[in-house]
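First the structure, in the form of structure tokens, and then the observations on it.
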Amino acid sequence: VEDFLSNNTMSEPLKYVSVILPLKLEWTPCYSINPSDDEVGIGDRVKVRFAFKEYIGIVAAVDVTPEIDSSRILPVISVETSLEKVSPSEIALWRQVAEYYMCSIGEVYKSAYPVGKIHMEEARATSLAKIKERKERMIAGIHARLDRLKERLFNKERQSEKHREG
């Protein structure tokens, strides 16, 4: 948190987002994002700290005006790009369900995305990242072998030419 605040220059105003958390809250907490994070939009999954715990929340609104003093607003820890976005129509449905059943939107989110499902999505994203990394290492290894073979072929051709000339 201190790194975020010390790295943020006064010339760039903070941007604020409203985040739906899987909790029974009658309000949606506000978090600050780095001004360079222009790609953060409605439906993005973000990791935030609330009541000394970390949660994966969903951005409900961007460029909001905070209702409390900005010094009390915590920054978004990270944008979870490996997790699928939630569509604005799904968020609108959650709002309707919350209104109909007289519960919070966080409770609807918690029902729609239980902890097990979020952990499964995180595990899948980690697995896909490992597979991608493994493929990249294999491709790099193949390129290295190909370069060595080309060098050997070049050296053999040079030796063959010297042998013919000599």
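These numbers come from a predicted model, not from an experiment.
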Q | Ser160 (side chain) donor-acceptor with Lys156 (main chain) under 3.5 angstrom | A | no

**Q.** Heavy-atom closest contact (Asp44 atom, Gly41 atom, distance)
**A.** OD2-N, 2.6 Å

(Q) One pair to check against salt bridge (charged side-chain N to carboxylate O under 4.0 Å, His left out): Arg137 and Glu133. What are the steps and the verdict? (A) CA-CA 6 Å; Arg137 279 198 314 258; Glu133 183 181 318; 2.9 Å; yes

**Q.** Heavy-atom closest contact (Ser18 atom, Thr28 atom, distance)
**A.** OG-OG1, 2.6 Å

Q. Under 30°, 30 to 60°, or over 60°: which ring-plane class applies to Phe50 and Trp27, parallel, tilted or perpendicular?
A. tilted

(Q) Within the supplied structure, the quantity of interest is the number of heavy atoms (other residues, nucleotides, ligands) at a distance under 6.0 Å from Glu84 CD; does it exceed 12? (A) no

Q: Please name the residue in the list Leu23, Ile56, Val86 that meets the side chain to side chain contact (heavy atoms under 4.5 Å, CB included) test with Tyr109.
A: Ile56

**Q.** Over 12 foreign heavy atoms within 6.0 Å of CD, Glu99
**A.** no

Q) Does Lys110 have any side chain to side chain donor-acceptor pair (under 3.5 Å) partners at least two apart in sequence or in another chain, and if so, which? A) none

Q. If every non-hydrogen atom of Val19 is compared with every non-hydrogen atom of Gly57, which pair is closest and at what distance?
A. CG1-CA, 3.7 Å

Q: Give a yes or no on whether the backbone of Ser104 and the side-chain of Glu107 come within a donor-acceptor separation of less than 3.5 Å.
A: yes

Q. If you draw a 6.0 Å radius around CD in Glu151, do more than 12 non-hydrogen atoms from other residues or ligands fall strictly inside?
A. no

Q: Test Leu146 against Lys150 for side-chain contact (heavy atoms from CB on, under 4.5 Å), laying out the working first.
A: CA-CA 6 Å; Leu146 186 60; Lys150 285 179 183 178; 4.0 Å; yes

Q: Quick one: do Gln96 and Tyr101 satisfy side-chain contact (heavy atoms from CB on, under 4.5 Å)? Show the steps, please.
A: CA-CA 9 Å; Gln96 289 176 344; Tyr101 287 103; over 6 Å; no

Q | From CA spacing to verdict: side-chain contact (heavy atoms from CB on, under 4.5 Å), Val48, Leu74 | A | CA-CA 8 Å; Val48 296; Leu74 296 175; over 6 Å; no

Q.
The criterion is side chain to side chain donor-acceptor pair (under 3.5 Å); which residues satisfy it with Ser71, sequence neighbours excluded?
A. Asp69

Q: Search all heavy atoms of Ile42 against all heavy atoms of Ala61 and return the closest pair with its distance.
A: CG1-CA, 4.1 Å

Q.
Restricting to non-hydrogen atoms, name the atom on Pro75 and the atom on Tyr31 that form the minimum distance, rounded to 0.1 Å.
A. O-CD2, 4.1 Å

Q) Which heavy-atom pair separates Ile77 from Arg49 by the least distance, and what is that distance? A) CD1-N, 3.8 Å

Q | Audit row: Cys103, Val108, side-chain contact (heavy atoms from CB on, under 4.5 Å) steps and yes/no | A | CA-CA 8 Å; Cys103 63; Val108 177; 3.8 Å; yes

Q) What distance do Arg152 atom CZ and Phe154 atom CZ have between them, rounded to the nearest 0.5 Å? A) 15.0 Å

Q) How about Glu80 and Ser78: does a side-chain donor come under 3.5 Å of a side-chain acceptor? A) yes

